[in-house]
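Heads up: the structure comes next, in structure tokens.
Naming: A, B, ... by sequence-line order, numbering from 1 per chain.
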Amino acid sequence: MRQRLLQWYAEQGRDLPWRRTHDPYAIWISEIMLQQTQVKTVIPYYTRWLESLPTIADLAVADQNQVLKLWQGLGYYARARHLHQAAQQMMTHHQGEFPHTLPEVLALPGIGRTTAGGILSAAFNQPISILDGNVKRVLTRLIALKRPVKKASKQLWHISDQVLDPVQPGVFNQALMDLGATVCLPRTPDCGACPCSDFCRAFQQNMQNELPMREEKAPIPHKSIGVAVIWNEAGQILIDRRPPSGLLGGLWEFPGGKIEPGETVEDCIRREIQEELGIEVEVGDRLISLDHAYSHFRVTLNVHHCRHLSGEPQPIECDEIRWVSLDELDQYPFPAANVQIIDALKQNAAQ
DNA sequence: GATCCGTGGAA
DNA sequence: TTTCCAAGGAT
């Protein structure tokens with residue numbers, strides 16, 4: 001089974017940028033970006049990141065705004081904050097080098113068992129197994145596991161340990177993931193092209209389309225939000241930086257908040273701006289309304305132009321506030337939904 | 001152990 | 001359009 005998979009990988013494996021290096025820093029960056037994120041999405045971010053921050057030392061001394069700006073649009077922004085922190089830890093505790101032992105790597109923020117195994121096996125060919133989404137699916141079908149993956153994680157880790165090739169564990173882990181990503185697909189796997197179908201219990205039982213078992217998900221709530229683009233006399237716009245952890249932590253945004261039952265958008269914006277920033281605004285025309293999905297809820301953003309009337313803005317429920325011109329907005333990291341607002345502002349200004 | 005944490009590709 | 005879900009980890 002190992003040899004069949006390794007042979008298949010030699011012929012059919014993907015040529016990906018991070019497979020052309022053994023630099024643990026570059027491989028680490030790729031592994032973090034690839035968490036819950038498709039390869040196609042990651043590639044341009046990966047390339048740009050390594051051009052801007054080619055070494056651990058560069059990342060460690062970088063400004064957090066620069067780090068988050070390089071991450072803008074990738075989501076799960078704690079990944080970027082943890083990369084930043086981990087690089088600083090490597091400077092102080094590991095002489096600026098990426099550590100070589102599993103306990104040291106696992107002690108770094110943002111790195112769990114799968115990411116640690118991925119890095120150590122790919123960079124140093126250490127025999128450490130992984131269990132990412134691809135491997136879970138492949139192994140689940142290989143043994144025809146008929147119970148929810150979440151409740152079988154111990155068993156799947158054991159199988160991953162057992163199948164790992166002791167001679168070339170790095171290549172083997174990559175091969176297992178490629179099989180999951182290109183052949184052993186979530187829906188309608190291409191078993192005719194699979195080098196392991198002879199060994200696959202799910203294929204033998206014709207259950208490849210039913211496994212892994214579907215997990216049930218909680219329904220996602222919806223919120224309506226009032227958002228303010230507040231202009232001052234100088235033609236500048238007020239933005240705020242979100243608290244350093246939690247949802248979209250450290251990113252900049254246009255201020256606003258949830259519309260309460262019975263409240264109009266205008267009422268909501270006036271109230272939220274008073275509560276968050278301690279100022280009075282006049283709510284004007286609607287700029288744009290847009291829907292956006294986060295990981296645990298959906299929102300409709302109702303964005304209005306506002307005019308600053310009175311009071312000095314205070315960072316009451318945020319980390320920092322700043323008046324900026326339309327052109328300066330590009331220097332700040334914003335969530336994807338706010339990038340749409342900026343685009344609408346620029347289209348307005350161009351008219 | 002359940003919940004939190006983004007975004008976009010693909011069907 | 002809706003739904004699924006992707007190289008998971010932290011709390």
Side-chain angles (χ1 to χ4, degrees), chain A residues 13-14 16-19 27-46 68 71-83 85-86 105-122 128-139 148-154 156-157 160 170 172-182 184-188 209 212-222 242-251 253 290-299 333-340:
Chain A
R14 293 174 293 179
L16 301 172
W18 43 89
R19 289 180 177 168
I27 293 168
W28 170 43
I29 300 302
S30 77
E31 289 285 343
I32 301 299
M33 288 185 170
L34 286 161
Q35 290 172 1
Q36 302 289 283
T37 310
Q38 295 183 356
V39 165
K40 184 176 182 178
T41 304
V42 164
I43 288 175
Y45 282 91
Y46 172 82
L68 290 174
W71 204 270
Q72 177 178 297
L74 260 188
Y76 288 141
Y77 295 92
R79 294 184 291 172
R81 300 194 303 269
H82 288 149
L83 277 175
Q85 294 166 15
V105 173
L106 283 173
L108 296 166
I111 300 185
R113 191 170 167 185
T114 287
T115 301
I119 298 169
L120 290 174
S121 64
I128 304 175
S129 63
I130 59 173
L131 191 60
D132 75 314
N134 289 310
V135 177
K136 281 179 188 167
R137 187 169 56 255
V138 170
L139 297 183
V149 170
K150 279 187 177 177
K151 302 194 172 186
S153 124
K154 190 173 178 182
L156 290 172
W157 271 110
S160 188
F172 184 84
N173 279 337
Q174 299 298 313
L176 213 47
M177 285 191 285
D178 261 24
L179 187 69
T182 65
C184 196
L185 301 165
R187 281 174 277 199
T188 61
N209 293 321
M213 285 182 61
R214 295 265 191 270
E215 314 267 357
E216 44 195 78
K217 293 183 179 176
I220 295 178
H222 181 273
R242 295 176 61 88
S245 64
L247 181 70
L248 306 170
L251 274 71
E253 67 175 3
L290 57 95
D291 293 320
H292 191 77
Y294 294 101
S295 41
H296 278 65
F297 59 96
R298 301 172 185 280
V299 294
F334 283 94
N338 281 243
V339 171
Q340 288 191 56

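Using atom P as the reference point in both B:dG8 and C:dG9, the two lie 23 Å apart (nearest Å). Using atom C1' as the reference point in both B:dA2 and C:dA7, the two lie 23 Å apart (nearest Å).
Among the nucleotides B:dT7, B:dC5, C:dA7, the one closest to any side-chain atom of A:Tyr76 is B:dC5. Checked against B:dG6, C:dG8, C:dA7, the side chain of A:Gln35 finds its nearest nucleotide in C:dG8. Among the nucleotides C:dG8, C:dA7, C:dC4, the one closest to the side chain of A:Lys217 is C:dC4.
Aromatic ring orientation, A:Tyr294 versus A:His292: perpendicular (interplanar angle above 60°, classes split at 30° and 60°).
Residues A:Pro244 and A:Arg81 approach most closely at O-NE, 3.1 Å, considering heavy atoms. Counting all heavy atoms, side chain and backbone alike, A:Asn338 lies closest to A:Glu253 at OD1-CA, 3.4 Å.
Side-chain N/O atoms of A:Thr37 and base N/O atoms of B:dG6 include a donor-acceptor pair closer than 3.5 Å.
Put simply, CZ on A:Arg81 is 9 Å from C1' on B:dC5, counting in whole angstrom units. A:Arg79 places its CZ atom 11 Å from the P atom of B:dT7, with the value rounded to the nearest Å. The separation between A:Arg298 atom CZ and B:dG6 atom P is 16 Å, rounded to whole Å.
The residue among A:Ala116 and A:Arg187 whose nearest nucleotide of DNA chain C lies closer to the 5′ end is A:Arg187. Nearest-nucleotide mapping onto DNA chain B: of A:Lys150 and A:His292, the residue sitting toward the 5' end is A:Lys150. Between A:Pro109 and A:Arg14, the one whose closest nucleotide on DNA chain C sits nearer the 5' end is A:Arg14.
Here the side chain of A:Arg242 pairs a donor or acceptor atom with the backbone of A:Leu247 at under 3.5 angstrom.
Within 4.0 Å (heavy atoms only), A:Gly118 reaches no atom of the nucleic acid at all.
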